[in-house]
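One structure is given here, and the rest of the page talks about it.
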2 protein chains.
Amino acid sequence: MKVSRAELKQELIDAGIRPSVQRLAIFEYVRKSCQHPTAEVVYEALCDELGSLSLTTVYNTLKLFVDAGLISMLTIDDTFRCFDGNRCCHAHFRCNTCGKIVDLQMKKDFISLVEGLEGYEITDAQLYLKGFCPTCLENK
Amino acid sequence: MKVSRAELKQELIDAGIRPSVQRLAIFEYVRKSCQHPTAEVVYEALCDELGSLSLTTVYNTLKLFVDAGLISMLTIDDTFRCFDGNRCCHAHFRCNTCGKIVDLQMKKDFISLVEGLEGYEITDAQLYLKGFCPTCLENK
DNA sequence: TTCATTTTTGAAATCATTGCAAATATACAA
DNA sequence: TTGTATATTTGCAATGATTTCAAAAATGAA
């Protein structure tokens, strides 16, 4: 999580993406957040910092980053998409009650467990778990 | 895939769901399909067979089945939900080009690879892979 | 500076899904 | 069987996250 703005900027350039003020701010926000923000959340958080910002820009920019493989998009919640800047291999859990999404470490990469992938090219892999978190189970 | 209508009916009853004509038809369709149909696809397929059918009924019924754990809902495509009646543990792959969703067998259950699940109750697990299928890779 | 290209913007449109209240079907008691 | 309460289905309107689009602003090259 200790990444400087200059490093993030270079990462955008390396990916062939011109680091505009908006793009860099959005990239930094998603990369440093551990909360899996939605486009709306990114927009709300950066509106003040940037003076002005369009929700359309946030949507466009997040899509740009996802297509470039810089961040990933989560569809663990079926009513909205959220974004994840954590590049380490990990799974996600979403609580059916409180809706919170948490990262879970993996003992080993899960793609190795999948059979019949000969001839396929994999660009993204997500492991989603749903259920009830310890806190919500206690409050039942 | 060799399941009789009577067995499907009993399965609904065992789950506490009254097997109306619409419900049984929808249940049978999703259980026997290998195509991961959307609500719209189920609706189109059963409209004729049932004489009449409401899209709302299809949505309501699919949700009922998902909540009862009889089928699962896939969010591997972020623009629509689709449904899966295959109860065996398997992963899903979606091609970025043709959009086709295919089942993939697992060497072992993937939940066992996830760390830190003490205190959690898991009700659903999905492993989604995305990329390019062999056919689309060839046509490039 | 000037011009071409890229990026941002806001408002309108899209569309899968849900809410809702009326209509219909079903179960059960009398 | 009939009446009545309950469960289910239906169609249409509403919702809301996301996209489209064309104009405005910013940027880069010459």
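Naming convention: chains lettered A, B, ... in sequence-line order (proteins, then strands); numbering from 1 in each chain.
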Can you check the [X] [atom1] to [N] [atom2] distance for me, whole Å?
X: A/Leu64; N: C/dT6; atom1: CG; atom2: P; answer: 13 Å
X: A/Leu62; N: C/dT8; atom1: CG; atom2: P; answer: 12 Å
X: A/Leu50; N: D/dA26; atom1: CG; atom2: C1'; answer: 15 Å
X: A/Leu12; N: C/dT7; atom1: CG; atom2: P; answer: 12 Å
X: B/Ile17; N: D/dT9; atom1: CD1; atom2: P; answer: 11 Å

Touch class at under 4.0 angstrom, heavy-atom based, for A/Thr57 against every strand present:
base
According to a strict under-4.0 Å criterion, is B/Arg23 in side-chain N/O contact with OP1 or OP2 of D/dT9?
yes
Does C/dA25 have its OP1 or OP2 closer than 4.0 Å to a side-chain nitrogen or oxygen of B/Gln22?
no
Trace of the side chain to side chain contact (heavy atoms under 4.5 Å, CB included) decision for B/Leu70 with B/Leu12
CA-CA 8 Å; B/Leu70 296 172; B/Leu12 289 183; 3.7 Å; yes
Under 4.5 Å between any side-chain heavy atoms of B/Gln126 and A/Lys130, yes or no?
no
With a 4.5 Å heavy-atom cut-off, do A/Cys95 and B/Tyr120 have their side chains touching?
no
Expected string for nucleotides 11-20 of chain D under the B/S/- scheme (protein heavy atoms, under 4.0 Å, primed atoms plus P, OP1, OP2 as sugar-phosphate) is BB----SBBB
Roughly how far apart are B/Gln35 CD and B/Tyr29 OH, rounded to 0.5 Å?
7.5 Å
For B/Asp103 and B/His36, does a side-chain donor sit closer than 3.5 Å to a side-chain acceptor?
yes
Heavy atoms of A/Arg5 and A/Ala25 approach each other most closely as NH2-CA, 4.1 Å
